[in-house]
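Small disclaimer: the values here were computed from a predicted structure and weren't measured. Below, read A as the first sequence line, B as the second, and so on, with proteins coming before strands; counting in each chain starts at 1. All values below were derived from every heavy atom in this structure, side-chain atoms included, with hydrogens, water molecules and symmetry-related copies excluded.
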Amino acid sequence: MPELPEVETIRRQLAPRLQGRRIQDAHSHESEKFTPARDAIGTTIQALSRKGKYLITSLDDGWELIIHLGMTGSLALAPEVTDDPYIRAWWQLNGDEVLVYRDVRRFGRIRCVSAGQYDTIPTLAAQGPDALSPDFTAEGFYQALRKSRRRIPTQLLSQRPVAGVGNIYGTEALWIAGIHPAKRQISRAAAAKLHTALVQVLEAGLADGGTTLRDYRNADGEQGSHQHALACYGRSGQPCLRCSVPLQHRTYDARTLTFCPQCQPR
DNA sequence: CGCAGCGCCTGAAGGC
DNA sequence: TGCCTTCAGGCGCTGC
């Protein structure tokens, strides 16, 4: 499930290979989630950037092709399109290469918008600073968390206090910072700890090329390796790596949260 | 406007 | 072996 490190890994691989390429043709699955892929036909790619988990392809006509990978999405450059039934969109580029978007569960989506006009993409429009940008500060994070009464993990997944965090890296950061997932309000000091932990786990994930639990592959089809470094996510029942007490898991707001009952007191 | 709840999707895994 | 149920979860939408 691509979060910031996975999306950034793909962006870094594709950016230099897409820059200056002309989109000669495009096709998509017959779902309005993906049909906007065709709106980019005839344009030339200027740059590939990222905001949170959204990939933003700047086109030469003042528009942007926005790509979200959802849970199972992937992007890759290939010599030609195959008969893989899970390909949801593809763009024929000059130079005989195809940018292929594959998404088994169709949780991803593609949009074409006038540059910066994100009012039709509410999560993108309302999301906070990217977690790996200088705009993500401890004090700003604390103030953003104070504005809501929802549980901290739910706030993280909303992308509003900070952009790019999903359940895996959020779970890891809460464990590092020693914050119980049921908490709704945390102190300035705890917010600062969580801020540091988030940056730490996201940078570690990025350095490992992302986390591959099942579906995730980078633009070259390779798996990440950060799944071997996870201390909390997916380890319910196993001993905490700090205190040896068995980790527990509970469902909060329809999300499974794993935590250490000793290190993350309520 | 904030937020709770639901729907979207499919493959894997577990129960019987 | 095979059928059925449950689970994974990011995000958009609806309605309170």
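When the P atom of C/dG10 is taken as reference, atom OH of A/Tyr252 falls 17 Å away, rounded to whole Å. Distance A/Ile66 CD1 to C/dC11 P: 13 Å, rounded to the nearest Å. At whole-Å resolution of the value, CG in A/Asp103 and P in B/dC9 are 11 Å apart. Rounded to a whole Å, the CD1 atom of A/Ile110 is 16 Å from the C1' atom of C/dG10. In this structure, A/Arg102 places its CZ atom 11 Å from C1' of B/dT10, rounding to the nearest Å. When the C1' atom of C/dG10 is taken as reference, atom NZ of A/Lys33 falls 10 Å away, rounded to whole Å. The CG atom of A/Leu69 sits 17 Å away from the P atom of B/dC9 (whole-angstrom rounding). For the pair A/Arg111 CZ and C/dG10 P, the computed distance is 20 Å after rounding to whole Å.
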Exercise answer: donor-acceptor pairs, residues 34-42 of chain A side-chain atoms, under 3.5 Å, sequence neighbours excluded:
| unit_1 | atom_1 | unit_2 | atom_2 | d |
| --- | --- | --- | --- | --- |
| A/Arg38 | NE | A/Ser28 | OG | 3.1 |
| A/Arg38 | NH2 | A/Ser28 | O | 3.3 |
| A/Arg38 | NH2 | A/Ser28 | OG | 3.2 |
| A/Arg38 | NH2 | A/Glu30 | OE2 | 2.7 |

Residues 106-116 of chain A, side-chain donor-acceptor partners within the protein, below 3.5 Å, at least two apart:
| unit_1 | atom_1 | unit_2 | atom_2 | d |
| --- | --- | --- | --- | --- |
| A/Arg111 | NH1 | A/Thr120 | O | 3.4 |
| A/Arg111 | NH2 | A/Thr120 | OG1 | 3.4 |

For residues 1-8 of chain A, please give each side-chain donor-acceptor pair under 3.5 Å, one per line with the distance, not counting sequence neighbours.
| unit_1 | atom_1 | unit_2 | atom_2 | d |
| --- | --- | --- | --- | --- |
| A/Glu3 | OE1 | A/Gly166 | N | 2.7 |
| A/Glu3 | OE1 | A/Tyr169 | N | 3.3 |
| A/Glu3 | OE2 | A/Ile168 | N | 3.0 |
| A/Glu6 | OE1 | A/Glu3 | N | 2.8 |
| A/Glu6 | OE2 | A/Tyr169 | OH | 2.7 |
| A/Glu6 | OE2 | A/Thr211 | N | 2.7 |
| A/Glu8 | OE1 | A/Arg11 | NE | 3.0 |
| A/Glu8 | OE1 | A/Arg50 | NE | 2.7 |
| A/Glu8 | OE2 | A/Arg11 | NE | 3.3 |
| A/Glu8 | OE2 | A/Arg11 | NH2 | 3.0 |
| A/Glu8 | OE2 | A/Arg12 | NE | 2.9 |

Please output the side-chain donor-acceptor pairs of residues 73-85 of chain A that fall under 3.5 Å, not counting sequence neighbours, one pair per line with the distance.
| unit_1 | atom_1 | unit_2 | atom_2 | d |
| --- | --- | --- | --- | --- |
| A/Thr82 | OG1 | A/Asp84 | N | 3.2 |
| A/Asp84 | OD1 | A/Tyr86 | N | 2.8 |
| A/Asp84 | OD2 | A/Arg102 | NE | 2.6 |

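Using a 4.0 Å heavy-atom criterion, one finds that A/Arg106 contacts the sugar-phosphate atoms exclusively. Across all strands, A/Ile121 comes closer than 4.0 Å only to sugar-phosphate atoms, never to a base (heavy-atom distances). Nucleic acid contact for A/Leu157: sugar-phosphate only, since backbone atoms but no base atoms lie under 4.0 Å from a heavy atom of the residue.
A sub-4.0 Å separation between OP1 or OP2 of C/dG10 and a side-chain N or O of A/Gln159 is absent. Proximity of A/His68 to the phosphate of C/dC11: a side-chain N or O atom is located under 4.0 Å from OP1 or OP2.
Under the side chain to side chain contact (heavy atoms under 4.5 Å, CB included) criterion, A/Ala182 pairs with A/Arg151, A/His180, A/Tyr252, A/Arg266, not counting sequence neighbours.
Salt bridge present: A/Arg17 and A/Asp220 bring a charged side-chain N and a carboxylate O closer than 4.0 Å.
Distance from the side chain of A/Lys53 is smallest for C/dG10 among the nucleotides C/dG10, B/dT10, C/dC13. Here the side chain of A/Arg255 is nearest to one of C/dG10, C/dC13, B/dT10, namely C/dG10.
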Sub-3.5 Å pairs of nitrogen or oxygen atoms, protein against nucleotides 4-8 of chain C:
| unit_1 | atom_1 | unit_2 | atom_2 | d |
| --- | --- | --- | --- | --- |
| C/dA8 | OP1 | A/Thr256 | OG1 | 2.9 |
| C/dA8 | OP2 | A/Thr256 | OG1 | 3.4 |
| C/dA8 | N1 | A/Arg105 | NH2 | 3.0 |
| C/dA8 | N3 | A/Arg105 | NH1 | 2.9 |
| C/dA8 | N3 | A/Arg105 | NH2 | 3.3 |

Could you pull out the protein-nucleic contacts involving nucleotides 1-5 of chain B (nitrogen or oxygen on both sides, under 3.5 Å)?
| unit_1 | atom_1 | unit_2 | atom_2 | d |
| --- | --- | --- | --- | --- |
| B/dC3 | OP1 | A/Ser148 | OG | 3.0 |
| B/dC3 | OP1 | A/Arg149 | N | 3.2 |
| B/dC3 | OP2 | A/Ser148 | OG | 3.3 |
| B/dA4 | OP2 | A/Arg150 | NE | 3.0 |
| B/dA4 | OP2 | A/Arg150 | NH2 | 3.2 |

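In A/Glu139, the CD atom is crowded: over 12 heavy atoms of neighbouring residues, nucleotides or ligands sit closer than 6.0 Å.
Map A/Glu3 and A/Thr120 each onto its nearest nucleotide of DNA chain C; the residue landing nearer the 5' end is A/Glu3.
Exactly one residue among A/Lys183, A/Gln185, A/Arg184, A/Gln155 makes a side-chain contact (heavy atoms from CB on, under 4.5 Å) with A/Leu145. That residue is A/Gln155.
Under the ring-ring contact (aromatic ring centres under 6.0 Å, His included) criterion, the residue pairs touching residues 114-154 of chain A are A/Phe136-A/Phe141, A/Phe136-A/His195, with sequence neighbours excluded. Every pair passing side-chain hydrogen bond (donor to acceptor under 3.5 Å, both in side chains) that includes a residue from residues 229-244 of chain A is listed here, sequence neighbours excluded: A/Ser236-A/His249.
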